[in-house]
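Whatever order the structure lists ligands and atoms in, that order sets their numbers, starting from 1. Side chains included, hydrogens not; waters and symmetry mates left out as well; all remaining heavy atoms used.
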Amino acid sequence: MKRKRVVILGATGSIGESALKVACDIPERMEIAGLAANSNAEKLAAAANQTRAPFVCLVDKTKIDMLRNALDYKPRIFSGEVGLREIASLIDADMVLVAIVGTSGLRPALAAIEAGKDLAVASKEILVMAGEIVVREARANGVHILPVDSEHNAIFQCLEGKRSTSKSESLSLDVSDVRRIILTASGGPFRETPPKDFDSITPEQALKHPTWNMGPKITIDSATLFNKGLETIEAHWLFGVEMKRVEVVIHPQSIVHSMVEFADGSTLAQLSYSNMRFPIQYAVTWPDRVPNSLPPLDFSTLSKLEFFTPRYDDFPALNLARRAGETGGTLPAVMNAANEIAVAAFLDRQVRFPDIWRIVEEVMDRHMPVAHADLDAILGADQWARAQARECVEALKR
Ligand code: NDP
Ligand code: MG
């Protein structure tokens with residue numbers, strides 16, 4: 001059993017923290033080869049001091065001295081976006097965990113693939129905006145993409161018996177007898193809130209997720225259901241199934257992390273408590289399963305598991321994502337970028353909660369999608385959508 005040398009991009013975030021705990025928990029299987037963050041020099045230094053990572057990267061060059069002063073050993077330090085790509089391509093690493101919020105993880109992820117590193121992907125945004133390119137490049141370079149998002153990790157586990165572990169067949173899952181992929185969603189804090197109350201939702205209320213403890217952007221996405229919308233497109237690319245075979249069910253307890261229904265009507269599901277250490281560990285140790293300190297399910301206290309149909313009309317994010325995923329090309333990148341701007345504006349109290357859906361829809365309506373777009377076209381559409389969304393924010397400003 002091999003010890004995997006892992007670079008964590010986004011080491012100071014919520015996923016990054018969970019990944020560091022996994023490394024502490026299974027040191028015989030996971031070693032930290034490198035750590036990267038954007039600007040939080042102190043937290044990055046603390047993680048580096050604890051793990052003795054030989055390579056460290058801080059994108060914000062103005063904080064490099066702060067980082068150096070806070071380190072109690074001498075790792076090699078990278079900085080800037082170039083540094084991020086360098087640490088993602090280290091000779092001394094086997095796997096890169098992409099856990100950067102937003103779209104900044106895309107270029108380093110592609111650099112890691114090009115360098116032949118397996119990719120553990122938490123950053124769903126990069127698969128949404130450039131899934132076709134990421135999957136194609138992974139295949140061309142014979143690297144595996146291991147999903148970390150809990151739903152996709154669950155689906156991966158349900159499909160796994162059908163997957164070859166050979167490098168040359170990376171991502172070639174046999175999904176011919178998969179009837180439906182069923183993503184579970186907690187429903188977020190406003191699962192039962194009537195639409196008439198949506199205008200008065202505050203950032204504080206939206207940041208209180210009922211079952212998961214995550215970074216602010218994904219927490220707001222969970223409240224609007226854009227997170228689940230992004231995840232339908234993520235599943236489409238990761239598992240090579242059409243959007244119409246990817247469905248969503250609300251499951252408030254967040255115990256069943258997703259399901260796969262097969263042609264014979266059998267459904268497989270993966271269950272555990274809601275802790276990202278489960279999917280992160282499995283992405284790292286795959287195809288092995290190893291013991292850890294996490295609590296297994298106690299069925300005597302699990303009194304009920306409920307499942308509901310989403311309120312599609314009240315939470316339009318799922319329909320918008322379906323439209324983006326089915327249209328493809330640059331439209332998913334446009335949806336994702338507009339959503340990022342809208343979420344930031346909501347957190348900044350510039351727009352109301354339901355304006356997030358309005359802004360995204362408006363920007364999608366204005367866009368003329370380009371099919372099978374290359375990276376430049378996708379990044380161009382991303383920038384265009386941000387500018388359009390900022391215009392919408394100005395028009396809606398409170
Ligand atoms: P957080 O906001 O908690 O952390 C974001 C991390 O990304 C930080 O380490 C931050 O560094 C770093 N970062 C931000 N911008 C840049 C940049 N331009 N260059 C380099 N690093 C950057 O986010 P989460 O951990 O919650 O989420 C990370 C990703 O994982 C997201 O894509 C999310 O959708 C996905 N995900 C998260 C889950 C969760 O449970 N949290 C579950 C499933 C998926 P700094 O601290 O220096 O700013
Ligand atoms: Mg998820």
Side-chain angles (χ1 to χ4, degrees), residues 7-21 34-48 56-64 66-67 78-88 96-109 111 120-129 147-156 183-188 207 209 211-222 225-235 238 248 251 254 256-258 270 274-280 283 336 339-340 343-344 347:
V7 173
I8 305 177
L9 308 182
T12 49
S14 157
I15 291 282
E17 270 181 40
S18 296
L20 290 168
K21 286 184 188 149
L35 296 172
N38 187 33
S39 64
N40 194 339
E42 284 180 5
K43 197 164 174 188
L44 182 62
V56 175
C57 174
L58 192 65
V59 174
D60 185 345
K61 293 183 177 171
T62 65
K63 304 263 180 69
I64 289 292
M66 201 189 279
L67 171 69
F78 298 100
S79 69
E81 283 173 19
V82 173
L84 201 55
R85 293 206 286 278
E86 281 174 325
I87 201 168
V96 175
L97 167 60
V98 190
I100 291 175
V101 66
T103 52
S104 312
L106 180 56
R107 284 191 187 278
V121 181
S123 305
K124 62 197 81 191
E125 296 93 334
I126 69 174
L127 287 166
V128 169
M129 78 187 291
V148 167
D149 210 348
S150 56
E151 296 76 3
H152 305 74
N153 193 273
I155 294 160
F156 176 67
L183 297 173
T184 53
S186 71
L207 284 169
H209 196 275
T211 50
W212 291 95
N213 186 8
M214 312 178 284
K217 197 275 180 167
I218 184 175
T219 306
I220 301 300
D221 285 349
S222 300
L225 290 195
F226 263 117
N227 181 49
K228 211 50 54 181
L230 295 170
E231 288 181 358
T232 58
I233 303 175
E234 183 186 10
L238 275 174
V248 174
H251 167 47
S254 299
V256 175
H257 295 300
S258 277
Q270 184 264 336
S274 47
N275 185 331
M276 289 307 292
R277 284 168 58 188
F278 285 106
I280 294 168
N336 176 64
N339 179 51
E340 255 183 66
V343 169
L347 285 173

- prompt: Measuring from D149:CG to H257:NE2, what's the distance to the nearest 0.5 Å?
  reply: 11.5 Å
- prompt: Which protein non-hydrogen atom lies closest to atom 4 (O) of ligand 1, naming both residue and atom, and how far is it?
  reply: G13 CA, 3.1 Å
statement: For atom 26 (O) of ligand 1, the closest protein heavy atom turns out to be G215 N, 2.9 Å
query: In E231, which N, O or S atom comes closest to the Mg ion (ligand 2)?
result: OE2
- prompt: Salt-bridged, K124 to E151, with N to O below 4.0 Å?
  reply: no
field: Distance-only donor-acceptor check, side chains S254 and T211, under 3.5 Å
entry: yes
statement: heavy-atom search around atom 3 (O) of ligand 1 in the protein gives S14 N, 2.9 Å
query: Short list, please: which atoms of ligand 1 are under 4.0 Å from a heavy atom of V59?
result: 19 (N), 20 (C)
- prompt: Out of S104, S39, A122, G16, whose heavy atom sits nearest atom 35 (C) of ligand 1?
  reply: A122
- request: Check all N, O or S atoms of D149 and name the one closest to the Mg ion (ligand 2).
  value: OD1
query: Would V56 and L58 satisfy side chain to side chain contact (heavy atoms under 4.5 Å, CB included), going step by step from the backbone distance to the final call?
result: CA-CA 7 Å; V56 175; L58 192 65; 5.9 Å; no
- request: Return yes if some donor-acceptor pair links the side-chain N/O of T184 with the main-chain N/O of V256 below 3.5 Å, else return no.
  value: yes
message: Can you confirm, on distance only, whether ligand 1 has an N/O atom lying under 3.5 Å from any N/O atom belonging to P216?
response: no
- request: Enter the distance from Q270:CD to F156:CZ here, rounded to the nearest 0.5 Å.
  value: 12.0 Å
query: Has the side chain of S123 got a donor or acceptor atom that lies under 3.5 Å from a matching backbone atom of I100?
result: yes
- prompt: To which of E231, E125, E81, K124 does the heavy atom nearest atom 32 (O) of ligand 1 belong?
  reply: E125
message: To the closest 0.5 Å, what do you measure between CG (N227) and OG (S222)?
response: 4.0 Å
query: Counting both backbone and side chain atoms, is some N or O of I218 under 3.5 Å from an N or O of ligand 1?
result: no
query: Can you tell me the protein heavy atom closest to atom 25 (O) of ligand 1 and the distance?
result: I15 N, 2.9 Å
field: Proximal ligand 1 atoms for D149, defined as those under 4.0 Å from one of its heavy atoms
entry: 43 (C), 44 (C)
query: Among protein heavy atoms, which lies nearest atom 6 (C) of ligand 1, and at what distance?
result: A99 O, 3.7 Å
message: For the backbone of T12 and the side chain of K43, can you confirm whether one donor and one acceptor N or O come within less than 3.5 Å of each other?
response: yes
statement: CD of E231 to NE2 of H152, rounded to nearest 0.5 Å, is 5.0 Å
Contacting atoms of ligand 1, where contact means under 4.0 angstrom from a heavy atom of T12: 8 (C), 9 (O), 10 (C), 11 (O), 45 (P), 46 (O), 47 (O)
task: Please report which non-hydrogen protein atom sits nearest to atom 16 (C) of ligand 1, along with the residue it belongs to and the distance in Å to one decimal place.
output: N38 CB, 3.4 Å
- request: Taking all non-hydrogen atoms of both residues into account, name the closest pair between I126 and T103 and its distance.
  value: CG2-O, 4.4 Å
message: Please check this pair: side chain of N153 against backbone of P147, looking for a donor-acceptor N/O pair closer than 3.5 Å.
response: yes
message: My understanding is that we take every heavy atom of each candidate and find the minimum distance to atom 40 (O) of ligand 1. Doing that for M214, R107, E151, which one comes out nearest?
response: M214
- request: Out of V101, D60, V98, indicate the one that has the non-hydrogen atom closest to atom 5 (C) of ligand 1.
  value: V101
task: Output the atom name for the N/O/S atom of E151 with the smallest distance to the Mg ion (ligand 2).
output: OE1
query: Heavy atom under 4.0 Å from ligand 1: found in N40's side chain, backbone, both, or neither?
result: both
- prompt: Counting heavy atoms only, which part of K43 comes closer than 4.0 Å to ligand 1: side chain, backbone, both or neither?
  reply: neither
query: Where do L9 and V7 land on the side chain to side chain contact (heavy atoms under 4.5 Å, CB included) test, with the steps shown first?
result: CA-CA 6 Å; L9 308 182; V7 173; 3.8 Å; yes
- prompt: Among protein heavy atoms, which sits nearest to atom 12 (C) of ligand 1, and what does the distance come to when rounded to 0.1 Å?
  reply: G10 CA, 4.0 Å
